[in-house]
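Bear in mind the structure is a predicted one, so any value in this text is a computation, not a measurement.
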Amino acid sequence: MSTSVDFHFDPMCPFAYQTSLWIREVREQLGLTVNWRFFSLEEVNRSEGQKHPWEREWSYGWSLMRIGALLRRTDMAALDRWYAAIGRELHALGGKPHDPEVARKLLGDIGVDGAVLDAALDDPTTHDEIREDHQRVVEAGGFGVPTLFLSGQCLFGPVLVDPPTGPAALTLWGVVTGMAELPHVYELQRPKAPADLELIGRSLRPYLDGRDWVSINRGEVVDVERLTNP
């Protein structure tokens, strides 16, 4: 069974955040190594004529990932704490980590000098690191988050709410690693009954309260955010 996983996320995606809670639970139980990587919904869903996220002074998820990229250079654990903090702020509390002043405060909350925000934005190579991670997913045929790389395979998902804990978390890990061992199994999907849609709606409530962008349903459960600045 895999002992490490690359987990690509956009901090603005509510489903990636739910899956990150599950992978942290698996890590706690198995000692799994989680390598946090980036993917930009702003870029993949960019409309013709719209600026690339790296062309904006501040660009929601992209700028938060630039901060994460700078933290990751010296300590993956710092990025781990950063993603946990900004994810909780938006997806659990309905706050606005994509506001620069809120982001600065959250850096302090995880024991990092708020000046890291300015340093990340002043360093153009943080753009390069996000683009490299993003392109890795695109070249593998990926289109959204969460995207996992494990056992040489690229997998989209698992897409979930109410992430499992305890033995159930390991059951799901067995499903995911089992699929990774079968490279020509491409899709397994559970239809969503009305009760499922109601649960998803309740789970997304904090995110819907905190977001400052438009969501677009393109037929994929996770690939729904077009993250755009006003």
Side-chain angles (χ1 to χ4, degrees), residues 1-20 22-23 26-27 32-56 59-73 76 79-80 82-83 87 120 123-160 173 175-189 213 215-228:
M1 184 174 287
S2 297
T3 58
S4 68
V5 59
D6 289 357
F7 189 115
H8 287 255
F9 70 94
D10 184 310
M12 302 291 93
C13 178
F15 294 103
Y17 176 68
Q18 293 291 326
T19 304
S20 77
W22 161 72
I23 205 69
V26 174
R27 180 178 64 186
L32 182 70
T33 297
V34 179
N35 301 308
W36 300 106
R37 306 295 180 190
F38 306 117
F39 183 83
S40 175
L41 294 173
E42 293 168 278
E43 175 60 16
V44 78
N45 290 327
R46 185 180 63 90
S47 299
E48 184 67 29
Q50 188 180 22
K51 286 184 178 180
H52 294 282
W54 57 84
E55 294 176 324
R56 306 186 186 115
S59 191
Y60 293 163
W62 186 273
S63 293
L64 295 176
M65 289 188 286
R66 292 183 70 190
I67 297 166
L70 192 63
L71 293 172
R72 186 176 65 179
R73 290 178 186 178
M76 181 68 78
L79 172 55
D80 184 279
W82 177 235
Y83 182 28
D123 185 346
T125 65
T126 57
H127 289 305
D128 300 333
E129 291 187 33
I130 300 170
R131 278 192 293 257
E132 182 178 353
D133 281 3
H134 178 90
Q135 193 60 29
R136 180 195 189 195
V137 175
V138 171
E139 290 177 357
F143 54 85
V145 287
T147 290
L148 309 182
F149 283 82
L150 71 162
S151 301
Q153 296 293 311
C154 173
L155 298 177
F156 175 66
V159 177
L160 50 89
W173 178 243
V175 171
V176 171
T177 55
M179 187 168 180
E181 294 171 4
L182 300 168
H184 302 299
V185 176
Y186 297 107
E187 187 170 335
L188 176 67
Q189 189 173 39
W213 49 84
S215 296
I216 296 175
N217 189 340
R218 303 191 337 175
E220 297 288 350
V221 172
V222 174
D223 191 20
V224 295
E225 291 82 18
R226 176 161 292 154
L227 305 180
T228 58

**Message:** Using the rule given for side chain to side chain contact (heavy atoms under 4.5 Å, CB included), can you reason through I130 versus E43, listing the C-alpha separation, both sets of side-chain angles and the distance that settles it, and then say yes or no?
**Reply:** CA-CA 11 Å; I130 300 170; E43 175 60 16; over 6 Å; no
**Message:** Given 3.5 Å as the limit, does a donor-acceptor pair link the side chain of H134 with the main chain of S40, or not?
**Reply:** yes
**Message:** With rounding to the nearest 0.5 angstrom, report the CG to CG distance, L188 to L155.
**Reply:** 11.5 Å
**Message:** Within the structure provided, determine whether L182 and Q153 are in side-chain contact (heavy-atom separation under 4.5 Å).
**Reply:** no
**Prompt:** Does the side chain of P11 reach to within under 4.5 Å of the side chain of M65, using non-hydrogen atoms?
**Reply:** yes
**Prompt:** Are the side chains of R73 and T125 in touch, meaning some heavy atoms are under 4.5 Å apart?
**Reply:** yes
**Item:** E42 side chain to S59 side chain, donor-acceptor N/O pair below 3.5 angstrom
**Value:** yes
**Asked** Hey, what's the ring geometry for F9 with W36, parallel, tilted or perpendicular (30° and 60° as the breaks)?
**Response** perpendicular
**Request:** Please examine the side chains of F149 and V137, heavy atoms only from C-beta on, and report whether any two atoms are closer than 4.5 Å.
**Result:** yes
**Message:** So that I can tick it off, tell me whether R27 and D80 are bridged by a salt bridge, with the cut-off set at under 4.0 angstrom between side-chain N and carboxylate O.
**Reply:** yes
**Fill in**
Closest non-hydrogen contact found for M179 with V185 is CE-O, 3.2 Å
**Item:** Trace of the side chain to side chain donor-acceptor pair (under 3.5 Å) decision for H127 with W62
**Value:** CA-CA 8 Å; H127 289 305; W62 186 273; 2.9 Å; yes
**Item:** Q18 side chain to F15 backbone, donor-acceptor under 3.5 Å
**Value:** no
**Item:** Test side-chain contact (heavy atoms from CB on, under 4.5 Å) applied to L148 and S2, C154, P158, the passing residue
**Value:** P158
**Asked** Has the side chain of R72 got a donor or acceptor atom that lies under 3.5 Å from a matching backbone atom of M76?
**Response** no
**Asked** Is there a side-chain contact between T19 and F7 (heavy atoms, below 4.5 Å)?
**Response** yes
**Item:** Salt-bridge present (D133, R136; N to O < 4.0 Å)
**Value:** no
**Asked** In a check of side-chain contact (heavy atoms from CB on, under 4.5 Å) between V5 and each of T33, V176, L150, T177, which one passes?
**Response** L150
**Message:** Heavy-atom count check: over 12 atoms from other residues, nucleotides or ligands less than 6.0 Å from E132 CD?
**Reply:** no
**Request:** Could you walk me through whether F156 and E187 pass the side chain to side chain contact (heavy atoms under 4.5 Å, CB included) test, one step at a time?
**Result:** CA-CA 9 Å; F156 175 66; E187 187 170 335; over 6 Å; no
**Request:** Let me see the working for W54 and D128 under side chain to side chain contact (heavy atoms under 4.5 Å, CB included), right down to the final yes or no.
**Result:** CA-CA 9 Å; W54 57 84; D128 300 333; over 6 Å; no
**Asked** Can you check whether L41's main-chain N or O pairs, donor with acceptor, with D10's side chain at less than 3.5 Å?
**Response** yes
**Request:** Look at the side chain of E129 and the backbone N and O of R66, then say whether any donor-acceptor pair between them is shorter than 3.5 Å.
**Result:** no
**Request:** Mind checking the OH-CZ spacing from Y83 to F38? Nearest 0.5 Å is all I need.
**Result:** 11.0 Å
**Message:** Measuring only between side-chain heavy atoms, which start at C-beta, is V44 closer than 4.5 Å to F39?
**Reply:** yes
**Check: A120 main-chain N/O paired with T126 side-chain donor or acceptor under 3.5 Å** = yes
